[in-house]
Protein chains: 2
Amino acid sequence: MSDPTDSPRFRLRLVFGPDEWMGPGKAELLEHIEQTGSISAAGRAMGMSYKRAWQLVDTMNAMFRTPLVQSSRGGAKGGGAVLTDAGQVVLAEFRALEDTARAAGAKHIERLQEMLTDIPDGK
Amino acid sequence: MSDPTDSPRFRLRLVFGPDEWMGPGKAELLEHIEQTGSISAAGRAMGMSYKRAWQLVDTMNAMFRTPLVQSSRGGAKGGGAVLTDAGQVVLAEFRALEDTARAAGAKHIERLQEMLTDIPDGK
DNA sequence: CCTCGATATTTCCCGATGGATATAACGCTT
DNA sequence: AAGCGTTATATCCATCGGGAAATATCGAGG
C-alpha cells in the first residue's frame, strides 16, 4: 500500500457492500493495533496518516455488528485502543481465509507465474 | 468497479510486482474482448474508457511472456482484437483460481458474513 | 483512391483521494 | 490545576488517476 518493495503475492478482498469490505490493509491495521495498543501508533507503523487509520477503524466498527476496536481517550497514557473479542475473531478468520485460499489455489498461481516475462524465484 | 449494485463477494488479486498484477477487472476485460472481438467494445461493455481498456491490455501483454491479446488495425471492419492461446489459458487459470480459492475459504467467508451488521441473504 | 471503423497515442482538465494541519475533548498523573 | 499523549473531527489543499476529446494510422472493400 505504501512500500512498493513488499510485493504481496496474494491479495484477497471480501466486498460485502458498496462501502463495506475487508482486505489485507484493514487486517494488517488490526494486527498493529493489537501489538501497539494505539490507532496512531499502528498507522505510523504502516506509514499511513492517523486520519486514514481512524477512518479504516471507523468503517470496520460500523460494518460489523460488534465493534472490532475499542478506543479510549485520556488516562495515564493519553488513551489507546484494543481489539475486542470480535476484532480478534475477524482478524483470525480473515488470516485463515487467506491461508486457506492461497493454499488451495497454489497450483493455479504457480501456472500463472510460469507464464510471466520476468521469472519469479522458484521458491 | 462502476456499478455499485454488482457487489462481488470475493475479489482476488495476484500481485507479481510493483506495476504487475492480475485481478478481476483484467479478467473480465479479457472475457469481453473474447466475446466482442474488440478492445473498445469490451471497454464500453464495462463502462470504461477506451484509454483505460487499452492500458490494461498493454500492461497484460507486457507482463506475460506471450501477449494475451493480439490486435490489428485497418481491414474490413476497421480492426479488432482477439485472445491468443496464452490469453485463453491465463483467463481460464485465473477463473479456476478464483473458484478454487472461494470454495476453499467458503467456511471462513460464511463466518465473517454472520458477524456483519446487515444480514446478507443466506446464499 | 477514398471511405470506414477500429486501434494507437497525445494533450487537456476535472474531480476525488488522502495528507497535512489545526483544534478540541478526555482522563490519569503529578 | 496544569501537563501530557491519545482519540476525535473539521478544514484546506496538492496531487494524481482517469475521462474526454482530438489526431494519426492502418487495411480491406467499394
(request) Write down the distance between CH2 (Trp54(B)) and P (dA21(D)), rounded to a whole number of angstrom. (result) 20 Å
(message) Pick the closest DNA chain C nucleotide for Ala41(B) and for Ser49(A) by heavy atoms, then say which residue is nearer the 5' end.
(response) Ala41(B)
(message) Counting C-beta onward and ignoring hydrogens, is there a side-chain heavy-atom pair between Ile33(A) and Val82(A) closer than 4.5 Å?
(response) no
(message) Just so I know, are the side chains of Leu30(B) and Met60(B) near enough to count as touching, which here means a heavy-atom distance under 4.5 Å?
(response) yes
(request) Starting at atom CD of Gln70(A), determine the distance to atom P of dT7(D), rounded to an integer number of angstrom. (result) 13 Å
(message) Tell me if the side-chain of Lys51(A) makes a donor-acceptor pair with the base of dG19(C), cut-off 3.5 Å, by modelled atom types.
(response) yes
(message) Nearest whole Å is fine: how far is dT7(D) P from Gln55(A) CD?
(response) 15 Å
(request) Check whether any side-chain heavy atom of Gln88(B) sits under 4.5 Å from a side-chain heavy atom of Glu34(B), and report yes or no. (result) yes
(request) Decide yes or no for Leu14(A) and Trp21(A): does some side-chain heavy atom of the first lie under 4.5 Å from some side-chain heavy atom of the second? (result) no
(message) For a quick check of understanding: with a heavy-atom distance under 4.0 Å over all strands, which category does Gly79(B) fall into, base, sugar-phosphate or nothing?
(response) sugar-phosphate
(message) Regarding Gly80(A), tell me which of base, sugar-phosphate or nothing describes its non-hydrogen contacts under 4.0 Å with the strands shown.
(response) sugar-phosphate
(message) Quick check on Gln70(B): does its CD atom have over 12 non-hydrogen neighbours (other residues, nucleotides or ligands) under 6.0 Å away?
(response) no
(message) With nearest nucleotide decided by heavy atoms, which residue, Ser38(A) or Ala76(A), maps closer to the 5′ end of DNA chain D?
(response) Ala76(A)
(message) On the nucleotide dG18(C), are OP1 or OP2 found under 4.0 Å from the side-chain N or O atoms that Arg52(A) carries?
(response) yes
(request) Using a cut-off of strictly less than 4.0 Å, decide whether Ser40(A) has a side-chain nitrogen or oxygen near OP1 or OP2 of dT7(D). (result) yes
(message) What is the distance, to the nearest angstrom, from the NZ atom on Lys77(A) to the P atom on dT30(C)?
(response) 14 Å
(message) In this structure, how many angstroms lie between the P atom of dA22(C) and the OH atom of Tyr50(A), rounded?
(response) 17 Å
(request) Could you check how far CD1 of Ile39(A) sits from P of dT7(D), rounded to whole Å? (result) 5 Å
(request) Taking only the side-chain nitrogens and oxygens of Ser71(B), find out if one of them lies under 4.0 Å from OP1 or OP2 of dA8(C). (result) yes
(request) Can you tell me the distance, in whole Å, between the CZ atom of Arg44(A) and the C1' atom of dA20(C)? (result) 15 Å
(message) Just the rounded figure in Å: distance from P of dT7(D) to CD1 of Ile33(A).
(response) 9 Å
